[in-house]
Amino acid sequence: MEDYAISEDEHYGDDCGFDEHYDDDCGFSDGFEEPESESRRPNEEASSSQVITKDSLLAAQRDDLQKVMDLLSVKDHHARTLLIHYRWDVDKVFTVFVEMGKEWLFKEAGVTVAEHNDLYPVHSSSGDVRCDICMEDKPANGTTTMDCGHCFCNECWTEHFIVKIKEGQSRRIRCMAHKCNTICDEGKIRNLVCTTHPDLAEKFDRFLLESYIEDNEMVKWCPSVPHCGNAIRVEKDKYREVECDCGMQFCFSCSSEAHSPCSCLMWKLWMGKCQNESETVNWITVHTKPCPKCLKAVEKNGGCNLVYCICGQTFCWLCGAATGSAHTWDSIQDHSCGRYTEEQEKNLELAKKYLWRYIHYHNRYKAHSDSLKAEVQLKEKIYVKISKLEAGESASQDLRWVENGLYTLFRSRRALSYSYPFAYYMFGHELFQNEMTQEEREIKQNLFEDQQQQFEANVEKLSMVLEEPFEGYTEDKVTETRMKVLNLSYLVDNLCRTLYECIENDLLGALQHGSHNIAPYKSTGAEKASKLA
């Protein structure tokens, strides 16, 4: 271990704190604060994510609108229509403009800026305007003309807008004219609706404002409960784990709790499987038997040993073999339990294998999640130890190594916990059955498990050292403990990074079909979003 000896000043920065955000089922769901000024490795970039609050949302939206308005020389509502159509991707708007031209860009988004003299409304002999919707003559000041040139009475426009707002289509309300794709001017919509329904006009404005988050692939609401009201904006890569101002850490791609090294699909499948199976897995093994056709667990709810599965298959409860559907008092059609066949045993063993494989990975996932919860409680004890050290002979020493070691333990334990759901799907047949031969699967699984076990062993060592009663040690013994924590923290960090690199390059990177992306590893944990200026 001496080869890894470093000082805390080389690897850690200023003081750090932790937020206790965890749930009962899966360990941490919100996250914990990282050291505020922790030094970064050369290949780790500064934060490229930003917190958007209710107060800064309008400014963030206005910034993108101004970029489009300046480039294309269009009005505010035209810029918004373009950005909503292209999901607030300013670069995409610019790319389409360069490659396809302004006319095509506007047509696709429903923007009309040209004059349409041929569509001017028809005036009656009295000077009124004929509305083609209600077929009534209206005074000119009682009608409204949109950018496309179509003119209808204010009453018809208002009813049209009210219906669309109530249907949740506020972001892109089209003209009423037949086969007209022009998006209506938001200012005219607001003025007409506000006259009779000010509450709907307010709702309309809120929808337009929130479209910057709802329709934007690079902006997501913080999934905290209760909701903090913040959103997070990222640049370029959406596969990352971020931390909101409220302390919530989550996967930006799927908005669930931070779950790397699992991909989003793996985590979604695992959570569904846990909710459906983990709490009753022990009961299942005792009270059910697998269907020989679909392998689903079937419970026997009567005295008859002829059991029906929901897939339609009938089988014998005594031996688990498929049978016919008819039976008498003393026999079941096409079946005799007294006759032993290797095929029956093979199917039964296969079903048991699948079940026990899930139990194996779930138990280890749950064990590390439980350890993480227990280690969170260790934080208070650590602070007590630090207080005693500061009051004793070690008062002159820098004790940040204790907190930083605890933070490394939290982060590594969580990654270790999530590595088991990853392994369950990576080396199973549910997602990658045709991606690898059995030989390739075994080689890659051995490679992964060797690294996982080495990582796991050192995480346990770090946990043990931090639980030592070092507050009562002599100064020399405290110094020895400090070096153990620093060495193990550095080693655990490197092993975790190596495990991630193995997953990204050797396992997921080698896939031929489908794409599974994970958040890149960062020694500092989830990226703490900065406040939008």
Side-chain angles (χ1 to χ4, degrees), residues 43 45-52 56-119 145-150 169-175 177 179-189 205 207-221 231-240 242 252-254 264 509 514-515 517 519-520 527 529-530 532-533:
N43 61 337
E45 300 176 356
S47 175
S48 57
S49 56
Q50 296 174 310
V51 176
I52 299 176
S56 61
L57 176 56
L58 182 60
Q61 188 184 75
R62 194 75 217 162
D63 184 48
D64 284 352
L65 286 171
Q66 195 62 51
K67 291 177 183 176
V68 175
M69 291 167 62
D70 292 343
L71 176 75
L72 302 176
S73 300
V74 293
K75 297 179 181 178
D76 179 283
H77 70 279
H78 291 146
R80 192 190 306 275
T81 299
L82 287 167
L83 285 169
I84 291 177
H85 177 74
Y86 290 102
R87 302 187 64 81
W88 290 92
D89 189 340
V90 177
D91 292 338
K92 182 69 178 293
V93 173
F94 291 175
T95 300
V96 174
F97 169 65
V98 172
E99 294 179 355
M100 307 300 295
K102 181 183 286 189
E103 184 177 349
W104 195 92
L105 173 72
F106 286 1
K107 182 179 179 182
E108 284 296 302
V111 172
T112 305
V113 294
E115 295 292 336
H116 290 269
N117 297 321
D118 55 325
L119 294 179
T145 304
M146 293 297 163
D147 295 332
C148 54
H150 292 119
Q169 301 181 35
S170 299
R171 300 178 183 96
R172 290 180 61 82
I173 301 180
R174 299 187 184 276
C175 172
K179 293 185 177 181
C180 181
N181 292 322
T182 299
I183 305 301
C184 296
D185 185 337
E186 64 189 59
K188 294 178 180 178
I189 296 174
D205 283 334
F207 282 157
L208 286 183
L209 186 62
E210 292 180 353
S211 74
Y212 184 75
I213 300 174
E214 302 290 348
D215 301 324
N216 196 333
E217 292 184 351
M218 292 301 175
V219 181
K220 295 281 181 69
W221 288 111
I232 305 293
R233 181 173 70 182
V234 301
E235 298 176 7
K236 298 178 182 178
D237 188 11
K238 65 179 181 179
Y239 295 103
R240 65 177 73 192
V242 295
F252 185 84
S253 176
C254 65
C264 295
S515 177
N517 298 291
E527 180 181 304
S530 60
L532 183 66

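The model shown is predicted, which means the values in this text are computed figures rather than measured ones.
- No side-chain heavy atom of His85 sits less than 4.5 Å from a side-chain heavy atom of Leu82.
- Contact check for Asp89 versus Phe94: no side-chain heavy atoms found under the 4.5 Å cut-off.
- Side chain of Ser56 to backbone of Ile52: no donor-acceptor contact under 3.5 angstrom is found.
- For Asp76, the salt bridge (charged side-chain N to carboxylate O under 4.0 Å, His left out) partners two or more places apart in sequence, or in a different chain, are Arg62, Arg80.
- The side-chain heavy atoms of Tyr86 and Glu108, taken from C-beta on, include a pair separated by under 4.5 Å.
- For the pair Val234/Met218, a side-chain contact is recorded, criterion being any heavy-atom separation below 4.5 Å from C-beta on.
- Leu72 is listed as a side-chain neighbour of Val93, based on a closest heavy-atom distance under 4.5 Å.
- More than 12 heavy atoms of other shown residues, nucleotides or ligands fall within 6.0 angstrom of atom NZ in Lys102.
- Judged by distance alone, the side chains of Glu214 and Trp221 do bring a donor and an acceptor atom under 3.5 Å apart.
- Using a distance-only test at 3.5 Å, with no hydrogens or angles considered, a donor-acceptor pair links the side chain of Arg174 to the main chain of Asn181.
- A 4.5 Å side-chain heavy-atom check between Phe97 and Val68 finds every atom pair outside the cut-off.
- Around NZ of Lys188, the count of heavy atoms belonging to other residues, nucleotides or ligands within 6.0 Å exceeds 12.
- Remark: Arg87 engages no residue in a side chain to side chain donor-acceptor pair (under 3.5 Å) (not counting sequence neighbours).
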